[in-house]
Number of protein chains: 2
Amino acid sequence: MKQSDRDRSVRLLWEPQPEPTRGPRAALSQARVVQAAIKVADAEGVDALTMRRVAEELGSTAMSLYRHVPGKSELLDLMVDAVWGETEHTPEGPWRAGLEFFARQMWSMYRAHPWMLQLTTSRRMPGPQAMTRQDAAYAVVAGLGLRPEEVVAVVTTVAQFVDGVGRTMADRVQAERETGVSEEDWWNGTESLWEHFTPERLPMMTYLYGSGGFDRPLDEFEFGLARVLDGLAAFVEAEDRPAVRRSTCL
Amino acid sequence: MKQSDRDRSVRLLWEPQPEPTRGPRAALSQARVVQAAIKVADAEGVDALTMRRVAEELGSTAMSLYRHVPGKSELLDLMVDAVWGETEHTPEGPWRAGLEFFARQMWSMYRAHPWMLQLTTSRRMPGPQAMTRQDAAYAVVAGLGLRPEEVVAVVTTVAQFVDGVGRTMADRVQAERETGVSEEDWWNGTESLWEHFTPERLPMMTYLYGSGGFDRPLDEFEFGLARVLDGLAAFVEAEDRPAVRRSTCL
DNA sequence: CTAGAACCGTGTACAACGTACACTGAGTGT
DNA sequence: ACACTCAGTGTACGTTGTACACGGTTCTAG
């Protein structure tokens, strides 16, 4: 993305859109395009999210969308920020309750919009809704006497855990949508795979499977979040915090 | 994916490929196709990973690949499992050291092959290399007296955290590859964005930025992993473990 | 030995996708 | 009234995965 594209994306996300002073009345608008795209992605998944499909949702043609968003990548940025706008800001209060709130807001958002976790990659331009939510999460940690980079790291750890669980969840949702087969039925219906799960080759898995460890799984989000918060508590409440080396350069 | 496609994918990953008994000597092989694809993805990123590009790497044509892998999705499954084959199995020993080893193996793998975190989504068929590594990780936890589903949850938490950090890392690597601009230079060079980061709108971010919280970031993997392991330690070593409700149905 | 089958690689074509460009018509500013 | 701006649409193109047909190579069965 060139500098000029970056600046344009910033204006697109952060500044009010200029109102046209001439020309025909627009049947579409950026907000309508974004909402239609979110509706399509929510209902049909990330692979259905094409410019043609969105335009169809609006009773229009694909090229008309380009009057309102410069491109698909920018549309995705707008969608992500719009969805962040549906979440609440983390309220002031104890750091743990705050981070839990933040994580739950993210989780709810991802559950409602799993496509967010499946977007084409590379750097997305952050928008105001996402940034203000992140800002509020930093705020509940900032009063703990941590160094600034520790504040960032604490919030980042929570977010990255939720992202990881969310990705798994999103992939499951998509698989079920595509195949009409639930996660459980998929594993139960793949006998050819289980034939290869032998005690010689996979001793722990066969033991765990035989013991019901996969039949009644714990809630991954709940279990993992509690552990992450416990670990952060040990860090936050320690008298003498362990030094962590700086990020290595990639 | 239909049942028959599933069975085929299982055979592809888990069973030795039948040797042809007739016909011309093949210039290509499945292993060569997989290795060429890994090489392309490592060097040029996930977007460059097209059948045409892989074929070009082999001095062949795209359609010839289909003699050796049934489709691109199956090629991706094979690639992922091949790369897992480069990692070491978690050795027997203390649970914490074991999980740390597992996490580091994953991290090294993702650092060498960031495309793994960026594959088209939906359910991937697990292969023998990935499964045996997971099996070994379960093994270091299994002797702790946890319930089977707790064993699964403990290992899953670590893996999902690493996946979350890895995704962020992969996106950065890709962005830098595409733009030739480093993460740091990107943020520093996007003045138009910083103009919107004001104390009124983003008080914590501007404070953290001004305090150097973003200049010298802590290593996200190291910091987060330590916290996750601390949290798991509290769980594993607790006398009376908190009950976690079961996974909700999606 | 021969015909047929199995198998390999290639050429061609197609559906689908994002989007550049040109055109037409609607509405405004001078 | 005219020039300009702006919205929507039609057309076309490059790119991607892959179906299908063809020609050639090698082996097996009769």
Side-chain angles (χ1 to χ4, degrees), chain A residues 1-2 5 8-9 12 17-33 36-37 40-41 44-79 115 118-122 178, chain B residues 1-2 5 8-9 12 17-33 36-37 40-41 44-79 115 118-122 178:
Chain A
M1 192 190 287
K2 305 191 309 288
D5 286 347
R8 184 182 61 174
S9 286
L12 187 68
Q17 292 308 103
E19 293 292 332
T21 57
R22 304 182 182 195
R25 286 290 97 80
L28 300 182
S29 68
Q30 184 190 107
R32 286 192 65 213
V33 173
V40 168
E44 298 165 34
V46 73
D47 290 341
L49 184 56
T50 67
M51 303 305 270
R52 289 173 169 88
R53 179 70 193 83
V54 175
E56 183 187 352
E57 192 68 25
L58 292 162
S60 193
T61 67
M63 291 308 298
S64 62
L65 304 189
Y66 291 88
R67 297 292 178 185
H68 303 276
V69 295
K72 184 169 179 182
S73 181
E74 291 81 5
L75 174 59
L76 298 177
D77 289 341
L78 286 164
M79 288 166 67
W115 50 265
Q118 301 174 314
L119 298 180
T120 48
T121 51
S122 177
E178 285 175 1
Chain B
M1 193 188 290
K2 305 193 307 289
D5 287 346
R8 184 183 60 175
S9 288
L12 187 68
Q17 293 308 103
E19 291 293 331
T21 56
R22 306 180 181 194
R25 288 290 95 82
L28 300 181
S29 68
Q30 182 189 110
R32 286 192 65 212
V33 172
V40 167
E44 298 168 33
V46 72
D47 290 341
L49 184 55
T50 66
M51 302 305 269
R52 288 175 171 86
R53 179 69 195 87
V54 175
E56 181 187 354
E57 191 68 28
L58 293 161
S60 192
T61 68
M63 292 308 299
S64 62
L65 305 189
Y66 291 88
R67 297 289 180 187
H68 303 276
V69 295
K72 184 169 179 183
S73 181
E74 291 82 6
L75 173 59
L76 298 178
D77 289 341
L78 286 163
M79 289 166 66
W115 49 265
Q118 301 172 315
L119 298 179
T120 49
T121 53
S122 177
E178 286 175 1

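Proteins come first, then strands; the chains are lettered A, B, ... in the order of their sequence lines, and each starts at number 1. Note that these values count all heavy atoms, side chains included, but never hydrogens, waters or copies made by symmetry. Just so you know, these numbers come straight off a predicted model, no measurement behind them.
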In this structure, how many angstroms lie between the P atom of dG8(D) and the CE atom of M51(A), rounded? 13 Å

Short question: side chain of R52(B), backbone of M63(B) - any donor-acceptor pair under 3.5 Å? no

Any S64(B) side-chain N or O less than 4.0 Å from OP1/OP2 of dG9(C): no

Starting at CD of Q17(B) and ending at P of dC8(C), how long is that distance when rounded to a whole Å? 11 Å

Within this structure, what is the CZ-to-P distance between R25(B) and dT25(D), rounded to whole angstrom? 13 Å

Minimum-distance nucleotide to H68(B) side chain [options: dG9(C), dG17(D), dT11(D)]: dG9(C)

For a quick check, tell me whether the side chain of R22(B) and the base of dC7(C) share a donor-acceptor pair closer than 3.5 Å. no

One should read off an interatomic distance between L49(A) CG and Q118(A) CD, to the nearest 0.5 angstrom, of 11.0 Å

Quick check: any donor-acceptor pair below 3.5 Å linking the side-chain of R52(A) to the base of dG18(C)? yes

Quick check for you: among dG10(D), dG9(C), dT26(D), whose closest atom lies nearest to any side-chain atom of R67(B)? dG9(C)

Just verifying a value: how many Å separate H68(B) NE2 and L58(B) CG, rounded to the nearest 0.5 Å? 9.0 Å

Please give, in whole Å, the distance from dC8(C) C1' to R32(B) CZ? 14 Å

What nucleotide among dG8(D), dC8(C), dG11(C) has an atom nearest to a side-chain atom of A26(B)? dC8(C)

Within this structure, what is the CD-to-P distance between E74(A) and dG18(C), rounded to whole angstrom? 13 Å

Quick one: label L49(A) by what it contacts on the DNA or RNA (base, sugar-phosphate, nothing), any heavy atom closer than 4.0 Å. sugar-phosphate

Take atom CD of E19(B) and atom C1' of dC8(C), then tell me their distance rounded to the nearest Å. 14 Å

How close or far is atom P of dC17(C) from atom CG of L65(A), stated in whole angstroms? 13 Å

Round to a whole Å and report the spacing from CD of E56(A) to P of dG18(C). 13 Å

Strictly distance-based, threshold 3.5 Å: is any side-chain N or O of E74(A) a donor or acceptor partner for the main-chain N or O of G71(A)? yes

Name the residue closer to the 5' end of DNA chain D, choosing between T50(B) and P24(B) according to the nucleotide with the nearest heavy atom. T50(B)

Once rounded to the nearest 0.5 Å, what's the spacing between atom NZ of K72(B) and atom CE of M79(B)? 8.5 Å

What nucleic acid atoms does T21(B) come within less than 4.0 Å of, heavy atoms only: base, sugar-phosphate, or nothing? sugar-phosphate

Using a 4.0 Å heavy-atom cut-off, does M63(B) contact any base of the nucleic acid, only the sugar-phosphate backbone, or nothing at all? base

